[in-house]
Amino acid sequence: MKHTSDALVFCDKGENLKILLIKRKNNPYKNFWALPGGFLEEGENPHTACLRELEEETQLNLNQEGYPLSLRQRIGRDPRGEVKSYPFMFHIENEVPVIAQDDAKEVKWIRILDFPSLAFDHEEIICEGLGCLFNLFKEKFSRNLLPSCFYPFSLDPMKEVVFFGGSFNPWHEGHAEAIRQINEKHKIPVVIVPDFNPWKKRNQLSSFLILKEIISKNSDKNIFIFPGFIGIENENPTIDWISKLDLTKISLLIGEDNLERFHLWKNYKLVLNKIEKLYVLPRAHCKKQSNELILRKVKFLDKHLYEEISSSKIREKTNN
């Protein structure tokens, strides 16, 4: 197995937040944009390799410790075979000049929502890095760097916040209806958490395309988007992240189909202990939940016109 290291470098903040990308000179993914990075030399540690490759490809010499992101080793992530990558994240205050060299055909700073489709799984690495810039999690370092489309900084830690997780592939009116009811009727801020459903096949679409679609459909000032889980490789049960939230009153928003199998969630009783309410959007043809422990937390939202819609049905129709 080969080993690489990739550099995710942010500069500036807010609407001007940018990332450093190179255009690849060689195959695989020749002429695709990608994060700077490359193979470890014999005996070299990943962090040293990351800084070395960054300077070799862009002439950017960073004198700072990188923040390690999760190891990337999914089969198929690299056409060259089994390749483990160790990504590191950096942030500098201002854009500095960069020059393409070595394996880079071109190099530039690109605004965070403007970059094109990237090589390998680098879009997923960027999504994870953006998640690290949120200030909702106790174990993540955070700075107020994010553009307003993510903008979690106006949340009152003492008031109720509703988290709405899902693959959202594709986003549809049922998702929008759930948020409308929480936002407009109950006046509660919603944090959308794109992820993947462990009972379903992983998304084949670009992680960032899915994220940008969600952003485009949710521009309300009381709707926030957490991008950090959309591209992670491992399963991500709710109990693993909900206990790390730096908030006092946490509720969840789910569809009635998810309520059917809530008892199958990992440590679902602990999840129930962590939340104020379990808001449930009615869905067509769902079996009624009979678990009293779960039902004590449930608050059903109003019936609506989109109960028959599901992402799975939309994908099936599109594929046919």
Side-chain angles (χ1 to χ4, degrees), residues 6 8 67-77 84-87 89 120-142 146 150 152 161-171 175 178-179 190-215 218 224-247 250-255 257-275 278-279 294 311-312 315:
D6 297 302
L8 171 56
Y67 183 82
L69 300 175
S70 60
L71 175 67
R72 299 282 168 169
Q73 56 185 341
R74 173 174 51 82
I75 300 299
R77 64 172 299 275
K84 283 186 179 181
S85 181
Y86 303 82
M89 185 174 77
F120 307 106
D121 52 359
H122 290 183
E123 295 175 30
E124 298 178 353
I125 293 172
I126 292 170
C127 288
E128 181 184 355
L130 286 170
C132 293
L133 301 182
F134 246 63
N135 69 341
L136 292 179
F137 291 94
K138 299 171 185 175
E139 295 184 2
K140 298 289 187 184
F141 80 92
S142 59
L146 290 173
F150 303 110
V161 179
V162 174
F163 286 79
F164 185 24
S167 57
F168 307 119
N169 178 26
W171 183 269
H175 300 135
I179 288 179
V190 176
V191 178
I192 302 171
V193 185
D195 203 341
F196 76 96
N197 188 324
W199 293 288
K200 296 179 181 178
K201 187 177 179 180
R202 292 290 305 254
N203 290 326
Q204 297 302 307
L205 290 178
S206 150
S207 298
F208 210 74
L209 281 179
I210 295 170
L211 184 62
K212 286 208 281 191
E213 182 188 16
I214 295 170
I215 291 169
N218 295 279
F224 313 105
I225 300 165
F226 178 76
F229 299 151
I230 193 170
I232 59 175
E233 290 189 357
N234 301 322
E235 289 188 1
N236 185 41
T238 301
I239 190 59
D240 284 3
W241 57 264
I242 199 169
S243 58
K244 299 173 185 175
L245 289 170
D246 199 14
L247 296 167
I250 304 161
S251 293
L252 296 178
L253 171 59
I254 62 174
D257 53 336
N258 240 326
L259 181 63
E260 281 184 36
R261 50 178 176 258
F262 194 87
H263 63 287
L264 299 176
W265 288 26
K266 180 180 177 181
N267 294 332
Y268 81 92
K269 293 180 181 178
L270 292 180
V271 174
L272 290 173
N273 286 336
K274 293 284 183 184
I275 64 175
L278 190 60
Y279 292 96
I294 297 172
S311 295
S312 299
R315 287 197 303 271

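Each residue takes its place number in the sequence, starting with 1.
- By the 4.5 Å heavy-atom criterion applied to side chains, Y279 and I254 are not counted as neighbours.
- When side chains are defined from C-beta on, F262 counts as touching V271, because their heavy atoms get closer than 4.5 Å.
- Rounded to the nearest 0.5 Å, atoms CZ (R74) and CG (N234) are 11.5 Å apart.
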Walk me through it: do N169 and S311 pass the test side-chain hydrogen bond (donor to acceptor under 3.5 Å, both in side chains)?
-> CA-CA 6 Å; N169 178 26; S311 295; over 6 Å; no

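- R77 has no carboxylate O lying under 4.0 Å from a charged side-chain N of E124, or vice versa, which leaves the two without a salt bridge.
- Taking every heavy atom of both residues into account, P227 and G131 meet most closely at CG-N, 3.9 Å.
- The structure places CD1 of I179 at 3.5 Å from CD1 of I192, a figure rounded to the nearest 0.5 Å.
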Should T238 and N267 be marked as a side chain to side chain contact (heavy atoms under 4.5 Å, CB included) after you check the CA-CA gap, both sets of side-chain angles, and the distance that decides it?
-> CA-CA 9 Å; T238 301; N267 294 332; over 6 Å; no

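- Put simply, the side chain of P87 does not reach to within 4.5 Å of the side chain of L8, judged on heavy atoms.
- Separating the CD1 atom in I275 from the CG atom in L253 is a distance of 11.0 Å, to the nearest 0.5 Å.
- Counting only distance, with no hydrogens or angles, the side chain of S251 and the backbone of V162 share no donor-acceptor pair below 3.5 Å.
- Put simply, the side chain of K84 does not reach to within 4.5 Å of the side chain of R72, judged on heavy atoms.
- A side-chain contact (heavy atoms from CB on, under 4.5 Å) with V161 is found for exactly one of V191, L245, I250, namely V191.
- Considering CD1 of I225 and CG of L130, their distance stands at 11.0 Å, rounded to 0.5 Å.
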Apply the test side chain to side chain contact (heavy atoms under 4.5 Å, CB included) to residues F224 and F163: give CA-CA distance (whole Å), side-chain angles for both, the deciding distance (0.1 Å), then the verdict.
-> CA-CA 9 Å; F224 313 105; F163 286 79; over 6 Å; no

Going through the checks in order, is the side chain to side chain contact (heavy atoms under 4.5 Å, CB included) test met by C127 and L211?
-> CA-CA 9 Å; C127 288; L211 184 62; 4.0 Å; yes

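- Separation of atoms CG (L272) and CH2 (W265) is listed at 9.0 Å; rounding is to 0.5 Å.
- With N218 contributing its side chain and I214 its backbone, the two residues share a donor-acceptor pair below 3.5 Å.
- Annotation: side chain of F229 is in contact with side chain of V193 (closest heavy-atom distance under 4.5 Å).
- Between F164 and F168, the ring planes lie perpendicular to each other; the angle is over 60°, past the 30° to 60° tilted range.
- With rounding to the nearest 0.5 angstrom, the CG atom of L247 is 12.0 Å from the NZ atom of K274.
- Nearest heavy atoms, H175 versus P170: CE1-O, 3.5 Å.
- Under a 4.0 Å N-O distance rule, the pair E123/K212 does not qualify as a salt bridge.
- Nearest heavy-atom pair, S243 versus D240, reported as atom, atom and distance to 0.1 Å: OG-O, 4.4 Å.
- Without hydrogens or angle criteria, E128 side chain to L69 main chain gives no donor-acceptor distance under 3.5 Å.
- Ring-plane geometry between F226 and F134 is classed as perpendicular, the angle between the planes exceeding 60 degrees on a 0 to 90 degree scale with a lower cut at 30.
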